[in-house]
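Notes follow the structure.
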Amino acid sequence: MEALTVERTAAPKAKPQGPLGFGKLFTDHMLLVDYTGGRGWHSPRIVPYGPLALDPATTSLHYGQLIFEGLKAYRTPDNQIVMFRPDENMKRMAATGTRMCIPPVEVEEFVGLIAELVRLDSDWVPSEPGTSLYIRPFILSTDAFLGVQPSASYRFITILSPSGAYYDTGLAPIKIYVEHTYSRSVRGGTGQAKCAGNYAASLIAQTEAHEQGYAQVLWLDGNEHKYVDEVGAMNIMFVAGGKVLTPSLDSGTILPGITRKSILELLRSWNIPVEERKISMQEVSDLYDAGKLEEVFGCGTAAVISPVGELKWGEKTMHLSGGNIGPLSQRLYDAITGIQSCRLPDQFGWVYKV
Ligand SMILES: *Cc1c(COP(=O)(O)O)cnc(C)c1O
């Protein structure tokens, strides 16, 4: 690829004052890279943040050839900027791309380009505990025609959003509704791909759960609605009998979370037994009835760890951890956020210095 060009904004925005929220504010610049059939990825450039001009016939707007990633940059106590496992995000973006007929990104090269954008907008990385700069890379097809076939041209874009804690209430237990009507993904579908369409398909279930007072839905397998898949934008883990149980990825219906992967690596290093396998809702319910379901938590980049305080499955309501944050949830949260912000040693080499 050619060298990166940088066009700086002539009108820097005022930095936010007060609470940041999540995903509402954007920095001064964005990164663009184009793909053209026969030429590959080319013309990497940083330009002022602003609207995109797209032909109304752009295929991604009609047929959804659109994929994304999500990761974070942190300000360390000694005022460096670091990202958490960005290579894993670019690897996953390449894999998602392959599933969606989008040409794969080259991992090291794209991590380097994102790092350049973060460096340019590094003044936007907040410093208060729990805050971060959320990084949103995405790729859309850009051919302009109405026809169902893979586009020959694409654009990779990255935008940055200074963010506070994901949940307004902080690391407080959430209520989760076990979904039994709708399905998020099926075997052979796009469940393991981070594509926009998965989210569009999930909105109705999330809306209905919200109306009933639940923060998120827990998706069961799309074929039988029997086995646990994952939560809206998080993977799920159960702590029972001193072990951690989480659905295995081999069904292809679950998004392979980098937080999930990091947690499993941490647990193994702590000699806590982990089982990655099929988990039926009946098993979860039986563990609960036997008084063995100690903790349930969701995990993902946005919230890191999200303890589940209540799980509603049909007529049954399971109350977990006495409405508190379970000890293992808290220990994992402290360990991961500690490594991410360089308050704890990076024994696994997860931290990328910008
Ligand atoms: C992004 C995402 C996750 C979490 O992945 P992380 O890499 O841990 O952020 C889980 N489930 C879905 C559906 C996702 O899109």
Side-chain angles (χ1 to χ4, degrees), residues 22-23 64 66-74 83-97 99-100 105 107 111 114 132-139 158 161 163 165-167 174 176 179 182-186 189-206 209 215-222 228-237 244 246-249 251-267 276 296-308 329 332-333 335-337 339-340 348 350-352:
F22 185 88
L66 183 49
I67 65 174
F68 66 98
E69 271 302 327
L71 66 157
K72 285 174 171 177
Y74 306 84
M83 298 192 282
F84 186 69
R85 310 191 80 176
D87 50 318
E88 291 289 336
N89 291 89
M90 287 303 101
K91 266 188 230 163
R92 186 170 65 191
M93 190 168 221
T96 294
R99 175 65 180 81
M100 306 303 288
V105 293
V107 173
V111 168
I114 292 170
S132 57
L133 184 72
Y134 186 74
I135 304 170
R136 166 52 59 85
F138 60 108
I139 300 174
T158 299
S161 175
S163 297
Y166 186 69
Y167 291 99
I174 57 166
I176 289 207
E179 181 56 47
Y182 304 108
S183 301
R184 178 184 169 273
S185 67
V186 292
T190 56
Q192 85 283 50
K194 212 167 172 80
C195 61
N198 286 346
Y199 280 81
S202 75
L203 293 175
I204 188 167
Q206 193 185 304
Q216 305 252 345
V217 302
L218 174 61
W219 295 101
L220 303 181
D221 77 279
V228 174
D229 266 358
E230 61 171 306
V231 188
M234 294 187 286
N235 296 111
I236 186 127
M237 301 206 180
V244 176
T246 195
S248 51
L249 300 176
S251 65
T253 59
I254 297 172
L255 202 287
I258 296 158
T259 317
R260 175 190 183 278
K261 179 177 183 167
S262 306
I263 286 172
L264 295 179
E265 288 173 42
L266 267 175
L267 290 170
E276 286 179 82
V296 180
F297 59 89
C299 54
T301 294
V304 186
I305 300 274
S306 201
V308 178
S329 305
L332 284 164
Y333 180 83
I336 292 183
T337 54
I339 295 170
Q340 285 172 334
F348 300 96
W350 287 342
V351 168
Y352 178 103

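Both ligands and their constituent atoms are indexed starting at 1 by order of listing. Since the structure is predicted, the reported quantities are computational estimates derived from the model, not experimental observations.
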* Asked: Less than 4.5 Å apart, any side-chain heavy atom of Gln216 and any of Met234?
  ->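 In short, these two side chains touch, coming nearer than 4.5 Å.
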* So do the side chains of Asn235 and Thr259 get within less than 4.5 Å of each other, counting heavy atoms only? ->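 No. Closest side-chain heavy atoms not under 4.5 Å.
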Distance under 4.0 Å to a non-hydrogen atom of [X]: what atoms of ligand 1 satisfy this?
X      : result
Arg92  : 5 (O), 6 (P), 7 (O)
Gly232 : 13 (C)
Ile258 : 6 (P), 7 (O), 8 (O)
Gly257 : 5 (O), 6 (P), 7 (O), 8 (O)

* Could you pull out, from Lys261, Lys194, Arg260, Glu230, the option with a heavy atom nearest to atom 11 (N) of ligand 1? =>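 Among Lys261, Lys194, Arg260, Glu230, the closest heavy atom to atom 11 (N) of ligand 1 belongs to Glu230.
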Using a 4.0 Å heavy-atom cut-off, which part of [X] comes near ligand 1: side chain, backbone, both, or neither?
X      : answer
Met234 : backbone
Arg184 : side chain
Leu255 : side chain

Any idea which protein heavy atom is nearest [atom], and the distance to it?
atom                    : answer
atom 4 (C) of ligand 1  : Ala233 O, 3.6 Å
atom 8 (O) of ligand 1  : Thr259 OG1, 2.6 Å
atom 9 (O) of ligand 1  : Thr301 OG1, 2.6 Å
atom 15 (O) of ligand 1 : Tyr199 OH, 2.5 Å

* Asked: Do side-chain atoms of Thr96 reach the backbone of Lys194 as a donor and acceptor pair under 3.5 angstrom?
  ->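 Pair found, side chain donor or acceptor close to backbone of Lys194.
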* Can the ring centroids of Phe84 and Tyr74 be said to lie less than 6.0 angstrom from one another? ->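 No.
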* Are a donor atom and an acceptor atom from the side chains of Arg85 and Ser262 found within less than 3.5 Å of each other? ->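 Note: Arg85 and Ser262 side chains meet the donor-acceptor criterion.
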Interatomic distance, [X] atom [atom1] to [Y] atom [atom2] [nearest 0.5 angstrom]:
X     : Y      : atom1 : atom2 : result
Asn89 : Ile114 : CG    : CD1   : 7.5 Å
Met93 : Lys91  : CE    : NZ    : 15.5 Å
Glu88 : Leu71  : CD    : CG    : 11.5 Å

